[in-house]
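Contents: one structure, followed by commentary.
Residue numbering restarts at 1 for every chain, and letters A, B, ... go by the order of the sequence lines.
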There are 2 protein chains.
Amino acid sequence: MLDATPRQSGYRHPTDLDATPRPARLRIGTGSRHPREQDRRTVTDTARSTTRYGTRPTMKDVAARAGVGLKTVSRVVNGEPGVTPDTERRVQEAITALGFRRNDSARVLRKGRTASIGLVLEDLADPFYGPLSRAVEEVARDHGALLINGSSAEDPAREQELVLALCARRVDGLVIIPAGTDHRYLEPEIAAGVATVFVDRPAGEIDADVVLSDSFGGARDAVAHLIAHGHRRIGFIGDQPRIHTAIERLRGYRAAMDEAGLPVDESWVALGSTAPERVRSAAEAMLAGPAPVTALFSGNNRVTVTVVRVLADRSRPVALVGFDDFELADLINPGITVVAQDAARLGRTAAALLFRRLDGADEPPQQRVLPTRLIPRGSGELPPA
Amino acid sequence: MLDATPRQSGYRHPTDLDATPRPARLRIGTGSRHPREQDRRTVTDTARSTTRYGTRPTMKDVAARAGVGLKTVSRVVNGEPGVTPDTERRVQEAITALGFRRNDSARVLRKGRTASIGLVLEDLADPFYGPLSRAVEEVARDHGALLINGSSAEDPAREQELVLALCARRVDGLVIIPAGTDHRYLEPEIAAGVATVFVDRPAGEIDADVVLSDSFGGARDAVAHLIAHGHRRIGFIGDQPRIHTAIERLRGYRAAMDEAGLPVDESWVALGSTAPERVRSAAEAMLAGPAPVTALFSGNNRVTVTVVRVLADRSRPVALVGFDDFELADLINPGITVVAQDAARLGRTAAALLFRRLDGADEPPQQRVLPTRLIPRGSGELPPA
DNA sequence: GCCAGAATTGACAACGTTGTCCAGACGTTA
DNA sequence: TAACGTCTGGACAACGTTGTCAATTCTGGC
């Protein structure tokens, strides 16, 4: 696990994300620029070609070409008032001729704001996070900000690495789907004004805004639904117990069983990796033996998919309710009954909260819990076999 | 459509992405910092609190606190040699005490490289792009770079806006899934050394690296597969003709029909929006009438999903092959036969090419075409009804 | 034609970092 | 002890932009 602060020995630039010893470094196409060349800018502007490789015109170049002062160029570029049409035209021509584009790095340095926010999630390739990320992006766009995102791969160390790299880039705010359980490393950042909102799972050991789905309630509904359809032996396969939602959903499962006065055999509960092999063996274990479960509740979309495959291989029908909706769930036969959470809404809500903070809202950290929705499609309404 | 270069009247900062007139601006929590306050840094370091809101310690602060020079702090932070262990320890303590984190904006400005790349795609929420984005991210991570991504929503103006905003941030390279057909606006950027790789669709009007899937070949295989199973009247529903892959897949469709000596009734071909309603009505039109098609070839995953829904509502079986694989395609009954392209591999290939360029590879632009794979699952093997 | 006041313009100093280069401190050798 | 390297540390000037503020040019009214 990386330290939150730089060390000398073995210290790596926070953006040097590669863990391999390979000395992979970015280099621009021109190779390392000899320092003496840095003075090239002082040659007459006619010596500079628009297409000179690896060199970009600056406002100074534009100013020289247009025969105006540096600040005037800045004014034109930023649409500030106080420039005569004639001057503006000359500057515009120079800008076009040189292919100038303002260097936002310098702007950021000067202004102190980056108009960008960071999103750290588990895996962008997961169909649950795509819409969430897109929703955050849209809100950011509405506020004129860009989105930088990174996947933690459910690894706390990598999460921290990413978050700190984003902080070093001076993102204005962070939306985090936490992998780790201790976020005290964020304290100096938050104190320094980086707005931070956690999504899907609460922050660990610090007080911060959180937007959650109602995992407990959704899970309880799901299991109650199965019970209502006559099931007594119900299995639960969930994610690693380190993950908050997994625990909450397990709690919901137990609550529903408890409320119905049903005992829970511990062999009916499997928390762990969502890797297909593990889920498969867990499901098969629950479905074997003299008193197999007659229904399964799966803790997230990845688990559900694997369980569906397992059940497809069997003749005896087994009821199934999955947490998370997924595309085409209605086209499988029977349709898969799910507890749907609205990923896009999670993202939108979190991003809206973030920008409220950035706009100066000074309220205590809040926790928002979004409701889930049970969608019956057939698999959850199968009677016990 | 935005100009490629700044104008005064109505000019918007390239990162001011919102198209609405609302004056949405980022503001940090502390409100606008009065310029006079900028001198606060010269007060004694004991006056600064670690948790002072909205203010971040700089190397200068660390240096003052550790009683060393500025450059020494820089050396420690960057793990450069030439610092005694004792000095290093003092600096480390100051860093920790102040919660210092290097400001990468300043670093970027000084060094000229950002160690970040941009990815512009159509829609992050599309399950095809999630894995692609993740693959690009992984390669970037291996090279110590961060990924900034944006969705163009298939709008050329928005694509350009995004790309130029990324250029203003001085990303080192760009991976673009183009929405537009004219990328000459990128010429100055490429000339300035921004490595650029296009993915999924070729660049318009400029010469650049491209990584594609074999749309033509994949489509031809798909349709030939249907023909081999006895179909003579085959419909094709694809994306907008503006999109390169749509055209290529149509070409593949025609080629297969042609090679089999089959005529193509123009009512069997529908290119246009992939919005569900449109696809639905297109499919229903092809399936109606006295000589309906007996098989459908759908041009991408969104189309396929809608077509599957349409076919699920009908009693007469209709064969279907879809371009793009998707999760659970095997669990629908019958399983959906698809032409699979490897989105992750597209992303990996493109990113690898990009970093080759950044590492100084000086080859002419190249085009890579990745093969597709026909996966028979049942729906494509149905005989004509 | 002259002056006040407004409008335009540009010089300059930050922003926080890193590269260069020089000044001391220290240890070694003659 | 003097002369010589080597090692450490720091002063300083960039990087490209924007905020301040003063200088300059224009305008209109007399």
Side-chain angles (χ1 to χ4, degrees), chain A residues 6 8 13 15 32-42 55-64 66-88 90-91 98 100-114 168-170 192, chain B residues 6 8 13 15 32-42 55-64 66-88 90-91 98 100-114 168-170 192:
Chain A
Q8 177 177 32
H13 172 193
T15 59
S32 69
R33 209 161 67 180
H34 189 280
R36 277 287 159 259
E37 280 185 336
Q38 294 186 344
D39 291 338
R40 68 194 145 48
R41 287 272 158 61
T42 58
T55 274
R56 283 182 162 273
T58 71
M59 285 193 179
K60 197 169 150 191
D61 299 314
V62 174
V68 301
L70 185 54
K71 181 65 213 207
T72 300
V73 176
S74 174
R75 270 190 274 261
V76 171
V77 167
N78 293 293
E80 290 167 25
V83 181
T84 53
D86 182 60
T87 309
E88 192 204 334
R90 291 212 318 281
V91 172
L98 296 174
F100 167 79
R101 180 138 2 259
R102 179 180 57 199
N103 185 331
D104 274 5
S105 296
R107 171 174 232 244
V108 159
L109 177 59
R110 185 61 234 246
K111 305 201 79 159
R113 303 181 287 99
T114 57
R169 299 291 172 105
R170 294 295 188 266
Chain B
Q8 178 179 32
H13 172 194
T15 60
S32 69
R33 209 161 67 183
H34 190 282
R36 277 288 159 260
E37 281 185 336
Q38 293 184 346
D39 292 337
R40 66 190 148 52
R41 286 272 156 62
T42 57
T55 275
R56 302 193 78 115
T58 70
M59 284 191 179
K60 197 169 150 189
D61 300 313
V62 174
V68 302
L70 187 54
K71 182 64 213 213
T72 301
V73 176
S74 175
R75 270 190 275 261
V76 171
V77 167
N78 293 294
E80 289 168 26
V83 181
T84 53
D86 182 58
T87 308
E88 192 205 333
R90 290 213 317 282
V91 172
L98 296 174
F100 167 79
R101 179 132 10 253
R102 179 179 58 198
N103 184 332
D104 274 3
S105 296
R107 171 174 233 246
V108 159
L109 178 59
R110 183 64 233 244
K111 304 200 81 159
R113 302 182 288 98
T114 57
R169 300 292 171 105
R170 295 294 188 268

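- For B:Asp61 and C:dG16, the CG to P distance is 8 Å, given to the nearest whole Å.
- Look at B:Thr87 and you'll find a side-chain N or O under 4.0 angstrom from OP1 or OP2 of D:dG9.
- In this structure, the NZ atom of B:Lys71 is 18 Å from the P atom of D:dC7, given to the nearest Å.
- Taking atom CG of B:Leu70 as the reference point, atom P of D:dA13 lies 14 Å away to the nearest angstrom.
- Contact of B:Arg75 with D:dG10 (side chain to base): a donor-acceptor pair of N or O atoms is detected under 3.5 Å.
- A pairwise comparison of heavy atoms in B:Arg113 and B:Val108 identifies O-CG2, 3.5 Å as the closest pair.
- One finds a side-chain N or O of A:Ser74 lying less than 4.0 angstrom from the OP1 or OP2 phosphate oxygen of D:dT18.
- For A:Arg110, whose side chain is taken as the heavy atoms from C-beta onward, the closest listed nucleotide among C:dT9, C:dT20, C:dC15 is C:dC15.
- A:Asn78 places no side-chain N or O within donor-acceptor distance of the main-chain N or O of A:Arg75, the cut-off being under 3.5 Å.
- Atom CZ of A:Arg107 and atom P of D:dC15 are 21 Å apart (whole Å).
- Below the 3.5 angstrom threshold, one finds no donor paired with an acceptor across the side chain of B:Lys60 and the base of C:dG16.
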| request: Take B:Asn103 and A:Arg169 through the test side-chain hydrogen bond (donor to acceptor under 3.5 Å, both in side chains) and record every step on the way to the result. | output: CA-CA 6 Å; B:Asn103 184 332; A:Arg169 299 291 172 105; over 6 Å; no

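- As rounded to whole Å, 9 Å separates atom P of D:dG9 from atom CG of B:Asp86.
- Taking only side-chain nitrogens and oxygens, A:Lys111 comes nearer than 4.0 Å to OP1 or OP2 of D:dG19.
- For the pair A:Thr114 (side chain) and A:Arg170 (backbone), a donor-acceptor distance under 3.5 Å is present.
- Taking for each of B:Gly69 and B:Ala106 the nucleotide of DNA chain D with the nearest heavy atom, the 5'-most of the two is the partner of B:Gly69.
- A close approach under 4.0 Å does occur between a side-chain nitrogen or oxygen of A:Thr84 and OP1 or OP2 of C:dT9.
- Straight-line distance from the CE atom of A:Met59 to the C1' atom of C:dC12: 16 Å, rounded to whole Å.
- Atom CG of A:Leu109 and atom P of D:dT18 are 11 Å apart (whole Å).
- Dashed line: the shortest gap from a side-chain N or O of A:Arg102 to OP1 or OP2 of D:dT18 is under 4.0 Å.
- For B:Arg90 (side chain) and B:Ala66 (main-chain N/O), a donor-acceptor pair under 3.5 Å exists by modelled atom type.
- One interatomic measurement links the two molecules: CG of A:Asn78 to C1' of C:dT9, which rounds to 16 Å at whole-angstrom precision.
- Within the 4.0 Å cut-off from OP1 or OP2 of C:dC15, not a single side-chain nitrogen or oxygen of B:Asn103 is found.
- Residue contacts for A:Val108: at a heavy-atom cut-off of 4.0 Å it reaches no nucleic acid atom on any strand shown.
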